[in-house]
Amino acid sequence: MPPHETFTLHSAALNETRRINVYIPPGFNTARSAALPVLYMPDGGVEEDFPHVSSTVHAGIAAGEMRPMMVVGIENTERRRDMTGPTTVEEDRRIAPRVGGSAAFRAFIANELIPEIGRRYRVSGERAIIGESLAGLFVVETFLAQPDLFDTYVALSPSLWWNGEALVRTAGDRLRAEPCTTATLFLSSADAEENIAPSVVRLTEQLRAAAPAGVRWRYVPRPDLQHSTIYRSSAPGVLRDLFPAKRPAR
């Protein structure tokens with residue numbers, strides 16, 4: 001894991017204090033440094049996915065294959081509460097004592113964390129978010145509910161089965177309600193375990209039919225990978241593709 005900073009932030013939206021990990025590319029934490037885009041990530045604790053994502057970004061920048069960017073990791077407290085929306089499916093409610101808190105978690109990110117990052121660091125205003133499994137579900141939900149919050153959404157093997165595929169079933173209407181949206185959405189799924197890939201395919205059908213003209217979206221199936229390995233295996237290539245280094249003009 002590359003060098004990083006950590007701070008805590010009390011959230012009124014969540015009524016708790018959250019630990020935030022921040023990777024800054026070498027040489028950019030100065031008053032004269034350029035403003036940086038920010039990649040936000042749920043599951044962002046040092047015992048979670050922050051080490052491999054920040055290492056991926058660090059290596060991509062060092063190799064000249066990614067443009068410099070910050071990584072902001074949000075450490076979990078109640079993961080299944082924060083990553084899920086409400087559900088009417090009884091089996092869903094059994095996965096944790098509390099579920100259905102995604103709107104509050106999104107409010108924390110939008111109204112508390114993003115402004116705090118802007119106060120602490122030189123940021124460009126360009127924002128992306130990446131997540132896998134339930135965090136991928138949260139990424140897709142945020143794209144549909146508040147598409148202008150981020151410029152780029154990356155959902156790897158998102159758990160779209162939640163609440164009887166409610167996000168998939170309502171995606172068309174949500175997309176039509178946001179005709180000016182210009183976000184980028186990247187989707188991927190592993191093999192057919194846990195019925196995730198079929199749900200993602202059904203979402204792509206909604207995107208094909210109803211995505212606004214300004215939305216750029218792409219689905220890359222990865223049947224060669226498993227749900228448990230897709231994040232670490234595919235993130236390096238995905239991030240290099242979405243955030244390539246800017247080539248000097250000739």
Side-chain angles (χ1 to χ4, degrees), residues 1-7 20-46 48-74 109-110 113-132 135-136 138-140 142-143 146-158 181-188 214-220 222 230-250:
M1 181 167 55
H4 65 281
E5 301 177 1
T6 298
F7 67 88
I20 309 299
N21 298 301
V22 181
Y23 163 77
I24 305 168
F28 279 85
N29 196 12
T30 68
R32 296 181 180 180
S33 61
L36 292 172
V38 184
L39 175 64
Y40 288 84
M41 52 173 303
D43 294 336
V46 296
E48 300 167 328
D49 291 312
F50 182 77
H52 80 81
V53 173
S54 60
S55 295
T56 291
V57 172
H58 181 75
I61 295 169
E65 297 173 349
M66 283 185 67
R67 54 195 175 99
M69 65 192 314
M70 292 173 51
V71 180
V72 173
I74 309 165
I109 294 173
L113 179 57
I114 289 175
E116 182 66 16
I117 293 297
R119 283 189 289 267
R120 288 173 176 261
Y121 305 100
R122 290 175 57 82
V123 296
S124 67
E126 181 185 354
R127 298 188 292 267
I129 185 169
I130 186 171
E132 179 264 347
F138 177 79
V139 168
V140 173
T142 301
F143 168 75
Q146 202 169 341
D148 295 332
L149 185 56
F150 297 96
D151 301 284
T152 303
Y153 295 80
V154 183
L156 306 174
S157 200
T181 298
T182 59
T184 294
L185 173 65
F186 179 91
L187 297 163
S188 189
V215 169
R216 295 182 298 172
W217 67 272
R218 185 153 54 106
Y219 170 50
V220 178
R222 292 297 306 270
I230 190 170
Y231 205 165
R232 290 179 180 269
S233 298
S234 66
V238 170
L239 292 175
R240 283 166 169 77
D241 183 58
L242 290 172
F243 308 106
K246 293 182 178 179
R247 304 301 179 188
R250 293 184 177 180

task = Write down the atom of P42, the atom of F138, and the distance for their closest heavy-atom approach.
result = CG-CD2, 4.3 Å

Residue of the set L156, V220, V140, V139 for which side chain to side chain contact (heavy atoms under 4.5 Å, CB included) holds with L187 = V140

inquiry  = To the nearest 0.5 Å, what is the distance between CG on L36 and CD1 on I117?
reply    = 11.5 Å

key: For I230 against S157, the heavy-atom pair lying closest together   = CG2-CB, 3.8 Å

note = The side chain to side chain contact (heavy atoms under 4.5 Å, CB included) partners of A62 (sequence neighbours excluded) come to none

inquiry  = Holding to side chain to side chain contact (heavy atoms under 4.5 Å, CB included), I want the full list of residues that pass it with T182, two or more places apart in sequence or in another chain.
reply    = none

request  = Measure the OH-CG distance between Y231 and D43 for me, rounded to the nearest 0.5 Å.
outcome  = 7.0 Å

ask   = Closest approach of G136 and A155, non-hydrogen atoms and distance?
value = O-CB, 3.7 Å

inquiry  = To the nearest 0.5 Å, what is the distance between CD1 on I20 and NE2 on H4?
reply    = 12.0 Å

request  = Report yes if some heavy atom in the side chain of M66 is under 4.5 Å from a heavy atom in the side chain of I61; otherwise report no.
outcome  = yes

inquiry  = Just verifying a value: how many Å separate R122 CZ and I24 CD1, rounded to the nearest 0.5 Å?
reply    = 12.0 Å

message = Within this structure, what is the CZ-CD1 distance for the pair R127 and I114, rounded to the nearest 0.5 Å?
response = 4.0 Å

ask   = T142 versus I109: any side-chain heavy-atom pair under 4.5 Å?
value = no

For R120, all residues meeting salt bridge (Lys or Arg N to Asp or Glu O under 4.0 Å), sequence neighbours excluded = E116

ask   = Which value, rounded to the nearest 0.5 Å, describes the distance between F50 atom CZ and N21 atom CG?
value = 5.0 Å

request  = Check F28 against A34 and note the closest heavy-atom contact, atom names and distance.
outcome  = CD2-O, 4.0 Å

ask   = Residues two or more places apart in sequence or in another chain: which of them pass ring pair (Phe, Tyr, Trp, His ring centres under 6.0 Å) with F143?
value = Y153

ask   = So do the side chains of L39 and V53 get within less than 4.5 Å of each other, counting heavy atoms only?
value = yes

ask   = With a 4.5 Å heavy-atom cut-off, do I130 and V238 have their side chains touching?
value = no

message = For P51 versus G45, what's the shortest heavy-atom pair and its separation?
response = CD-O, 3.6 Å

key: Set of salt bridge (Lys or Arg N to Asp or Glu O under 4.0 Å) partners for D241, sequence neighbours left out   = R218

message = Using every non-hydrogen atom in the two residues, find where A110 and P115 come nearest and quote the distance to one decimal.
response = O-CD, 3.4 Å

task = Taking atom CZ of R67 as the centre, report whether more than 12 heavy atoms of other residues, nucleotides or ligands fall under 6.0 Å from it.
result = yes

message = Tell me if a side-chain donor or acceptor on S124 pairs with a main-chain N or O of E126 at a distance below 3.5 Å.
response = yes

task = Could you tell me which residues satisfy salt bridge (Lys or Arg N to Asp or Glu O under 4.0 Å) with R240, sequence neighbours excluded, listed by chain and number?
result = E65

Parallel, tilted or perpendicular: rings of F7 and Y121 (30°, 60°) = tilted

